[in-house]
Amino acid sequence: MTKMISIVIPCYNESESVPYFYKEMEKIRQTMSYEFEYIFVDDHSTDTTREVLRELQAGDPAVHFIFFSKNFGKEAGMLAGLREASGDFVTVMDADLQDPPTLIPKMMDILEEGVYDCVGTRRSDRSGEDGIRSFFSALFYKLENKISDTKMVDGARDFRMMTRQVLDSVLSLTEYNRFSKGLFEWVGYDTYYLEYENVEREHGNTSWSFWNLLSYSIEGVINFSAFPLRIASFFGFFTFVIAILASAFIVINTLYNGIETPGWASMTCILLFLGGIQLFAIGVLGEYISKIFLETKNRPHYIIKEKK
Ligand code: UDP
Ligand code: MG
């Protein structure tokens, strides 16, 4: 029996890219002795992506689609697609051809050797990306790898080919706050990283703003109710900084101008400092509690409006 490869493609406003993507993939499909299954997940696009997908689906029984009832984000799209995938091997790809389909035969060769369970991809450079973005992503990976046991690979993309076993392990993690790069590392197994040069998006625009990415880095998904708690940590940190500055001022002022009221300066320093630290600590607690809050709601990751 021929083995099947499932390809999960999260799409948000990709009406221009989808036809090109499909064409390129079909070229690869012809050269391989595997059955293919496409699962396009439309993340409630505001353009004609859904119509484009309907047309593709009508013309090829290997094409399936899932339409979300609203925009749930790429993580939710990936999860929905992965849950639907029925192949022996599964991969996630962007619709914009930034994940080169030509890597698929290579990935399959590596997996078929039986040594590795997963083939990931990482960019060997960040050409075409602006400096600030590169700087912050590098910073994120440095920080993350310092403070967490789950080591993430800098420049790793979501584009990875995995065996059914790895997929089932990833799907067994049901948390609400999903950060796939971390989840894939967390499940373990042996991953081989293929390097390739960064490819720039040809059609359509990236739907990620700098702030989207920042928020994604912090917690994996946009968190709509942690805002007030965030403010607490912000004010805490702010007070803390002010306290340090004020302390320095008071000390220097005392040294130069002498003491007016004995004990006043040192008391103020201590009060400010402790107050700031406390607010900051409460803010950090708040971050974690907000995560627990979202997890305990047990909301679905996404809502499907239509499926074929
Ligand atoms: N995407 C999605 N939902 C969103 C945003 C993006 O499904 O809310 C999809 C998008 O269509 C694309 C992939 O996620 O296939 C990666 O997005 P993009 O190319 O904009 O990001 P970049 O490659 O710049 O990181
Ligand atoms: Mg892209």
Side-chain angles (χ1 to χ4, degrees), residues 6-25 38-53 56 63-85 91-101 103 120-123 125-138 140-141 152-160 178-181 196-217 219-224 301-307:
S6 302
I7 297 141
V8 173
I9 313 107
C11 304
Y12 181 60
N13 294 345
E14 301 283 12
S15 58
E16 283 178 57
S17 303
V18 164
Y20 289 98
F21 173 83
Y22 179 72
K23 219 173 94 195
E24 289 303 312
M25 286 303 297
Y38 299 95
I39 302 165
F40 290 92
V41 185
D42 171 69
D43 201 1
H44 206 71
S45 302
T46 51
D47 67 354
T48 55
T49 303
R50 283 187 291 278
E51 281 74 72
V52 173
L53 291 179
L56 271 190
V63 174
H64 302 271
F65 61 67
I66 297 171
F67 295 164
F68 279 177
S69 64
K70 72 170 178 80
N71 183 262
F72 282 98
K74 188 187 175 187
E75 286 286 342
M78 281 168 33
L79 179 65
L82 291 174
R83 280 186 179 158
E84 280 312 308
T91 180
V92 179
M93 295 176 84
D94 282 10
D96 56 15
L97 286 173
Q98 276 186 305
D99 300 328
L103 287 182
T121 54
R122 58 185 298 228
R123 290 177 299 178
D125 67 333
R126 287 180 175 275
S127 63
E129 201 180 66
D130 61 78
I132 305 178
R133 217 163 137 161
S134 300
F135 172 77
F136 277 102
S137 15
F140 165 72
Y141 284 106
M152 296 189 201
V153 178
D154 188 3
R157 308 234 348 139
D158 288 326
F159 180 27
R160 56 177 72 225
R178 293 186 85 78
F179 189 69
S180 294
K181 286 195 180 95
Y196 70 100
E197 267 173 43
N198 197 21
V199 186
E200 285 187 47
R201 177 186 262 277
E202 270 177 47
H203 308 276
N205 291 312
T206 176
S207 36
W208 295 81
S209 71
F210 177 75
W211 292 110
N212 283 155
L213 279 173
L214 190 67
S215 153
Y216 180 76
S217 318
E219 48 196 317
V221 280
I222 296 147
N223 187 339
F224 49 90
H301 296 85
Y302 51 83
I303 294 163
I304 294 177
K305 191 175 168 204
E306 198 186 330
K307 195 166 99 176

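Residues take their numbers from the sequence shown, with the count starting at 1. Ligands are counted one by one from 1 in listed order, and the atoms in each one are counted from 1 as well.
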Under a 4.0 angstrom heavy-atom cut-off, which atoms of ligand 1 come close to Glu14? 10 (C), 11 (O), 12 (C), 15 (O)

Checking contacts here: is it the side chain or the backbone of Asn71 that comes within 4.0 Å of ligand 1, counting heavy atoms only? Could be both or neither. side chain

Any salt bridge between Lys74 and Asp94, counting N to O under 4.0 Å? yes

So do His44 and Arg50 actually touch side chain to side chain, heavy atoms under 4.5 Å? yes

Could you tell me which atoms of ligand 1, counted from 1 in the order shown, lie closer than 4.0 angstrom to a heavy atom of Ala95? 15 (O)

Given Arg157, which of Met93, Arg122, Arg123 fulfils the side chain to side chain contact (heavy atoms under 4.5 Å, CB included) condition? Arg123

So for Lys74 against ligand 1, with non-hydrogen atoms under 4.0 Å, the contacting part is both

The criterion is side-chain contact (heavy atoms from CB on, under 4.5 Å); which residues satisfy it with Glu24, sequence neighbours excluded? Lys27, Leu97, Pro101

Which segment of Asp96 sits under 4.0 Å of ligand 1 when only heavy atoms are counted: side chain

Please work out which of the three classes, parallel, tilted or perpendicular, describes the rings of Tyr302 and Phe68, given edges at 30° and 60°. parallel

May I ask you to check whether over 12 heavy atoms, not counting those of Tyr196, lie within 6.0 Å of atom OH? yes

I'd like to know: is the Mg ion (ligand 2) within the 2.8 Å range of an N/O/S atom from Asp96, strictly under that distance? yes

Are any of the N or O atoms of Met93 closer than 3.5 Å to those of ligand 1? no

Atoms of ligand 1 under 4.0 Å from any heavy atom of Gln98, numbered from 1 in the order shown, are 19 (O), 22 (P), 23 (O)

Side chain or backbone, does Gly73 bring an N or O within less than 3.5 Å of an N or O on ligand 1? no

